[in-house]
Visitor: 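A single structure is presented below for examination.
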Amino acid sequence: MTQSESFELNGNLTVDDVPEVRRFVEKLHRRNSSAEDISRVAMATHELLENAVKFSTDGTASLRIEVGASQVTITTRNRARPNDLEELSELARDLTSALDPMLFYLEQMRRSPKRSGGLGLGRVAAEAEMKIELILDGDIVQIRAEAKLGPRPA
Amino acid sequence: MQQGQKQSTHLLATSTSRDGETMVLTCSGSAETEALESLNAVLNGLHQDVVSNSTRNVIADVRGLEFASSSCLKAFVTWLQRVQELDDSHRYQILFRSNPSHSWQRRSLGALAAFASGVVRIESEAQ
């Protein structure tokens, strides 16, 4: 993938497909990105797509990755049940209002053994250092995760 | 070193062994979500073994682990929380041996160490 390309995937996907997509994304980025960036983008792709697939009500999900000169945007879309949309909205609201994504992630970890929800979104925000935005349109949920590429502050 | 249990799914391989007073857990391959049940079983078994033998040190060698999904990371979180909840006389220390060439490990293990400070240490060593 060159520094202004995009990659898009739509269709019937299962959780078993997600590792294959992650590996494909790693391979695409290998030409132009640092190992650190590849690792962040691949992990975020895995977590966001796995969520989209798991919560899809019709078995379909879509993924789009856009890579610019110094920025990457990953977008997933799927249809979801009202209860899941509500939980996701609450999670996204808490995450975007958190002062420190890492502290939010650690709090998610503390609560996780007693909750059914996963750590995926918190992990993307804290470990991959991505800004997350949730857009709802009826029963369609779109997650947009954006990050700067290049050397990270120590 | 005494060999313990070995488990392997399509992508994740784990083994446990005893080296003197230390239990060693080795994970390699890829901890995809489909391996969650197997990983939970390994960590539960290890925890019970360590507690019943009053072992104070565990080495978790993940140098060969290429990736872990957040579901599998949650299995480690649950394990660490169980260790934190032990009383002082049973609580044990965990040393994660990480691989610097897998950059996800620095971030994910760093988060685990922040979560369970006082229980987890990380040692970075190329394989």
Side-chain angles (χ1 to χ4, degrees), chain A residues 14-23 25-26 29 33-51 53-54 91 100-130 147 151-152 154, chain B residues 9-12 29-40 43-44 47 62 65-86 94 96 98-120 122 124 126:
Chain A
T14 69
V15 171
D16 292 347
D17 296 322
V18 175
E20 294 302 322
V21 176
R22 183 187 77 236
R23 289 191 193 97
V25 167
E26 280 173 345
H29 278 269
S33 301
S34 67
E36 180 69 24
D37 284 341
I38 293 167
S39 170
R40 289 166 60 214
V41 171
M43 182 272 280
T45 300
H46 181 109
E47 298 299 348
L48 296 175
L49 183 60
E50 186 166 288
N51 276 352
V53 170
K54 268 186 192 169
L91 177 64
D100 182 341
M102 183 53 77
L103 291 179
F104 177 86
Y105 183 41
L106 294 177
E107 185 56 31
Q108 261 195 312
M109 286 185 178
R110 266 185 280 279
R111 295 178 189 172
S112 69
K114 296 179 182 71
R115 290 168 58 133
S116 59
L119 298 171
L121 272 191
R123 187 184 196 196
V124 172
E127 290 189 24
E129 298 173 66
M130 299 193 87
R152 316 301 308 149
Chain B
T9 66
H10 177 52
L11 294 162
L12 173 69
S30 196
E32 306 293 353
T33 301
E34 67 183 75
L36 178 60
E37 203 176 316
S38 160
L39 181 61
N40 270 327
L43 294 175
N44 281 340
H47 181 74
V62 296
L65 197 57
E66 290 163 19
F67 182 77
S69 72
S70 62
S71 303
C72 288
L73 215 54
K74 185 173 166 177
F76 282 101
V77 169
T78 303
W79 174 38
L80 298 180
Q81 196 159 65
R82 292 178 72 192
V83 179
Q84 284 180 311
E85 286 167 359
L86 292 170
I94 302 167
F96 277 92
S98 72
N99 184 340
S101 64
H102 295 319
S103 38
W104 71 270
Q105 291 191 356
R106 182 180 52 75
R107 297 188 300 271
S108 297
L109 296 181
L112 291 182
F115 170 72
S117 58
V119 168
V120 167
I122 302 167
S124 182

Visitor: Against chain B, label A:E47 side chain, backbone, both or neither, depending on which of its atoms sit under 4.5 Å from a heavy atom there.
Guide: side chain
Visitor: Taking all heavy atoms of A:M109 and all of B:V77, pick out the closest pair and write down the distance.
Guide: O-CG1, 3.5 Å
Visitor: With rounding to the nearest 0.5 angstrom, report the CG to CZ distance, B:L80 to A:R110.
Guide: 12.5 Å
Visitor: Roughly how far, to the nearest 0.5 Å, is OG of B:S30 from CZ of A:R23?
Guide: 5.0 Å
Visitor: Measuring from atom CE of A:M43 to atom CH2 of B:W104, what distance do you get when rounded to the nearest 0.5 angstrom?
Guide: 10.0 Å
Visitor: Evaluate side chain to side chain contact (heavy atoms under 4.5 Å, CB included) for B:E34 paired with A:V15, printing each intermediate quantity in order.
Guide: CA-CA 8 Å; B:E34 67 183 75; A:V15 171; over 6 Å; no
Visitor: How many angstroms lie between atom CD of A:E50 and atom OG of B:S71, to the nearest 0.5 angstrom?
Guide: 5.0 Å
Visitor: When only pairs under 4.5 Å are counted, which of B:Q81, B:R82, B:Q84 shares the most heavy-atom pairs with chain A?
Guide: B:Q81
Visitor: So what's closer than 4.5 Å to chain B heavy atoms on A:R22: side chain, backbone, both or neither?
Guide: side chain
Visitor: Of the listed residues (B:A111, B:G110, B:S101), which shares the most heavy-atom pairs with chain A below a 4.5 Å separation?
Guide: B:A111
Visitor: Rounded to the nearest 0.5 Å, how far does CZ of B:R106 lie from CD of A:E36?
Guide: 4.5 Å
Visitor: Taking the side chain from B:E32 and the backbone from A:P19, do they hold a donor-acceptor pair closer than 3.5 Å?
Guide: no
Visitor: Answer yes or no: does atom CD of B:E37 have more than 12 heavy-atom neighbours from other residues, nucleotides or ligands under 6.0 Å?
Guide: no
Visitor: To the nearest 0.5 angstrom, please state how far the CG atom of A:L106 sits from the OG atom of B:S117.
Guide: 9.5 Å
Visitor: Under 4.5 Å from any heavy atom of chain A, what part of B:S69 do you find: side chain, backbone, both or neither?
Guide: both
Visitor: For the candidates A:A42, A:S39, A:G120, which exhibits the highest count of non-hydrogen atom pairs separated by less than 4.5 Å from chain B?
Guide: A:S39
Visitor: Honestly, is A:R123 close enough over B:F115, meaning NZ or CZ under 6.0 Å from the six-membered ring centre and within 45° of the axis?
Guide: no
Visitor: Measuring heavy-atom distances to chain A, does B:S108 have an atom under 4.5 Å in its side chain, in its backbone, in both, or in neither?
Guide: both
